[in-house]
Amino acid sequence: MDAIRTVSLTKRYKDQTAVDRLSLTVPQGELFALLGVNGAGKTTTIKMLCCLTQPSEGDAFLNGASIVSDAPAVKRRIGLSPQETAVAPNLSVRENLELMCGVHGFSREKRRAQTERLAGQFGLETILGKRAGRLSGGWQRRLSLAMALIGEPEILFMDEPTLGLDVLAREELWDAIRALKGTITIVLTTHYMEEAEALSDRVGILRDGRLLALGTPEALRARAGTATLERAFLTIVKEGEA
Amino acid sequence: MRLLAFSRRTAREILRDPLNLVFGLGFPVALLLLFTAIQANAPVNLFEIGRITPGIAVFSLSFMTLFSATLIAKDRESALLQRLYTTPLTAAEFILGYALPILPIALAQLAVCYLTAVCLGLPVTGRIVSAVLILIPTALFFIALGLLCGSVMSQKQVGGVCGALLTNAAALLSGAWFDLSLVGGAFERAADLLPFAHAVQLGRAALNGSAAGMGAHMAWVAGWAALAACGAVLLFLRQMRRD
């Protein structure tokens with residue numbers, strides 16, 4: 001079964017089309033990367049799939065639930081790690097995790113179990129009592145990812161997860177994302193080609209809201225006749241421009 | 001359960017911000033001390049502890065707008081709200097989760113204000129409790145106004161509008177520390193249209209045990225609170241759809 005199926009998904013803002021008849025499928029367990037320059041429609045696509053904004057036309061189905069007609073069911077199936085760190089700064093790491101357990105309506109026992117499990121999974125045990133606002137960017141991103149996973153989502157959306165991180169923090173976050181591969185379906189947007197190449201099973205390239213290419217990093221390189229995904233991306237985007 | 005978790009977070013965020021404590025608790029106490037010192041050196045009828053305390057109490061409540069608006073604007077800008085919108089929390093839980101925890105904070109602030117007044121010579125009577133409780137609609141007005149402003153403004157705008165403009169309006173147009181009729185004209189008429197002066201009159205009447213005119217003042221304040229609450233709900237829902 002497909003985890004995500006979009007059908008002519010379109011978003012218009014007045015006279016501007018941010019996402020233009022996007023149709024694609026993402027199988028369960030896949031890590032799918034959406035690539036594109038600024039304004040390509042990556043974040044708008046994620047927002048529509050997370051029920052944060054209504055599509056102007058078309059629909060998408062997340063494990064069978066429609067984003068248009070069954071948003072509550074979609075919300076039970078997804079987790080979002082937004083572009084910004086999106087943590088509560090005056091709450092401790094533990095309290096941030098417990099907040100997410102609470103808004104998902106977990107019992108006290110489940111809250112404790114989930115907090116301990118995710119703290120262990122992301123190496124947060126030693127900083128559980130620290131205020132989130134005082135953590136470094138890398139640790140805040142880890143916490144953000146852990147918060148997105150609290151609700152045991154079937155599909156995880158990550159919008160530019162390593163934006164602004166140093167090389168070491170980025171590598172550590174990649175390890176955390178790699179550890180999730182295969183256990184849940186992941187959709188990430190990124191500007192970094194090496195990130196898409198290192199992590200993703202398949203890549204979709206967006207430009208002006210349209211899907212220009214879709215395939216494995218190897219397939220996209222072969223299609224463009226280039227040695228790197230970055231060159232392939234540039235070739236495909238320029239072809240789309242012509 | 002979900003509402004409780006979100007409310008707890010709202011309370012923690014507000015109470016753990018040292019600036020909130022300084023403005024919310026320290027400022028009214030400092031003002032009471034200042035006016036008592038003036039009264040001791042140059043006695044003025046308006047600065048008597050029984051008259052000035054209800055005014056300071058109303059002025060202090062204006063900081064509730066700043067607290068709630070800042071928190072919501074910050075949550076919008078940091079994308080925490082966006083994250084929470086993808087959870088099962090409902091619109092009603094969001095609105096109540098932001099508003100309800102601030103009410104006990106407002107009551108605690110009023111308690112500190114009146115406790116300080118008692119220390120400065122306000123006679124201890126049961127009317128103090130009435131004077132605190134009668135300001136609940138005023139507290140709700142300021143909280144709802146914060147929800148409204150936080151839904152449409154950035155943190156910077158909130159600082160200007162709620163931190164400077166509103167607190168000054170609440171101070172000047174409430175008649176807390178000068179008689180509005182001394183200025184008269186359009187200023188007095190504007191003050192009469194707004195809820196601040198009516199809230200101060202309510203507090204004074206409750207503290208004096210006088211029921212005269214209370215109904216009209218209460219209706220005016222409650223009307224403004226209802227208006228602010230309706231605006232807050234509408235604008236919060238609008239930004240929820242937009243974000």
Side-chain angles (χ1 to χ4, degrees), chain A residues 13 43 46-54 62 67 71-92 95-108 110-111 131-134 140 143-145 147-148 150-151 153 155-160, chain B residues 1-24 67-68 70-98 100-102 105 150 154-155 236-243:
Chain A
Y13 295 103
T43 298
I46 296 263
K47 280 187 171 181
M48 283 192 284
L49 294 176
C50 290
C51 303
L52 290 171
T53 186
Q54 281 272 321
L62 277 70
I67 61 166
V74 171
K75 287 182 179 183
R76 284 195 296 272
R77 287 163 198 191
I78 61 167
L80 170 67
S81 182
Q83 210 171 85
E84 299 83 356
T85 46
V87 298
N90 284 329
L91 263 56
S92 69
E95 287 166 346
N96 266 283
L97 294 172
E98 286 177 348
L99 166 68
M100 295 309 291
C101 290
V103 298
H104 278 95
F106 291 168
S107 66
R108 183 176 296 202
K110 189 164 183 186
R111 195 165 65 210
R131 294 259 176 106
R134 294 182 188 155
Q140 285 197 3
L143 173 60
S144 174
L145 192 50
M147 287 168 75
I150 280 278
I155 304 167
L156 173 67
F157 293 95
M158 290 188 286
D159 197 3
E160 309 269 3
Chain B
M1 180 72 169
R2 293 193 307 238
L3 174 60
L4 186 67
F6 189 55
S7 300
R8 196 181 293 141
R9 179 262 162 178
T10 299
R12 281 174 173 161
E13 283 281 357
I14 290 173
L15 293 173
R16 286 179 186 175
D17 188 333
L19 274 181
N20 288 348
L21 294 179
V22 169
F23 280 103
F67 296 168
S68 57
T70 304
L71 182 62
I72 296 166
K74 203 193 299 178
D75 286 351
R76 282 174 49 227
E77 286 172 19
S78 74
L80 182 67
L81 257 184
Q82 207 176 78
R83 178 200 290 283
L84 293 171
Y85 287 158
T86 64
T87 69
L89 271 179
T90 62
E93 286 168 333
F94 273 111
I95 291 167
L96 293 175
Y98 274 123
L100 290 183
I102 305 179
I105 295 173
S154 66
Q155 272 192 84
F236 189 86
L237 293 176
R238 193 185 73 151
Q239 70 80 29
M240 208 174 164
R241 283 193 296 273
R242 279 185 176 179
D243 283 0

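Quick caveat: nothing in here was measured; it's all calculated off a predicted structure. Proteins get letters first, then strands, A, B, ... in listed order; numbering begins at 1 in each.
- By the 6.0 Å contact criterion, CZ on B/F23 is open, its count of non-hydrogen atoms from other residues, nucleotides or ligands being 12 or less.
- Taking 4.5 Å as the limit, some side-chain heavy atom of A/M100 sits within range of a side-chain heavy atom of B/R83.
- The candidate with the highest count of non-hydrogen atom pairs below 4.5 Å against chain A, out of B/E77, B/R2, B/E13, is B/E13.
- Across all their heavy atoms, B/A5 and A/G102 have their closest contact at CB-CA, 3.5 Å.
- In this structure, B/R9 does not pair ionically with A/E95, as no charged nitrogen and carboxylate oxygen lie closer than 4.0 Å.
- The heavy-atom pair separating B/A79 from A/E84 by the smallest distance is CB-OE1, 3.2 Å.
- Between chain B and the options A/Q83, A/R131, A/Q54, A/R111, the largest number of non-hydrogen pairs under 4.5 Å is found for A/R131.
- At a 4.5 Å heavy-atom cutoff, B/I14 makes no contact with chain A through either its backbone or its side chain.
- Taking every heavy atom of both residues into account, A/H104 and B/P88 meet most closely at CD2-CD, 3.6 Å.
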Less than 3.5 Å apart, which donor and acceptor atoms pair up between the side chains of residues 73-81 of chain A and the rest of the protein, not counting sequence neighbours?
| from | atom 1 | to | atom 2 | distance (Å) |
| --- | --- | --- | --- | --- |
| A/K75 | NZ | B/Y85 | O | 2.9 |
| A/R77 | NH1 | A/L62 | O | 3.4 |
| A/R77 | NH1 | A/N63 | O | 2.9 |
| A/S81 | OG | A/S144 | OG | 3.1 |

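- Residue contact with chain B, scored on non-hydrogen atoms closer than 4.5 Å, is absent for A/P153.
- A distance of 11.5 Å separates CD1 in A/I46 from OG1 in B/T86, rounded to the nearest 0.5 Å.
- Looking at A/C50, the atoms closer than 4.5 Å to chain B (heavy atoms on both sides) sit in the backbone and in the side chain alike.
- Using a 4.5 Å cut-off on side-chain heavy atoms (C-beta onward), A/V103 and B/L84 make contact.
- Taking A/G105, A/G151, A/A88 one by one and counting their heavy-atom pairs under 4.5 Å with chain B, the maximum is reached by A/A88.
- In this structure, chain B has no heavy atom under 4.5 Å from any part of A/A71.
- Using a 4.5 Å cut-off between heavy atoms, A/F157 does not touch chain B at all.
- A heavy-atom distance below 4.5 Å is found between the side chains of A/K47 and B/Q82.
- Heavy atoms only, all atoms of each residue included: A/S92 and B/R16 are closest at N-NH1, 4.1 Å.
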Which is it for A/N90 and B/D17 under the side chain to side chain contact (heavy atoms under 4.5 Å, CB included) test, yes or no, and what are the steps along the way? CA-CA 7 Å; A/N90 284 329; B/D17 188 333; 4.2 Å; yes
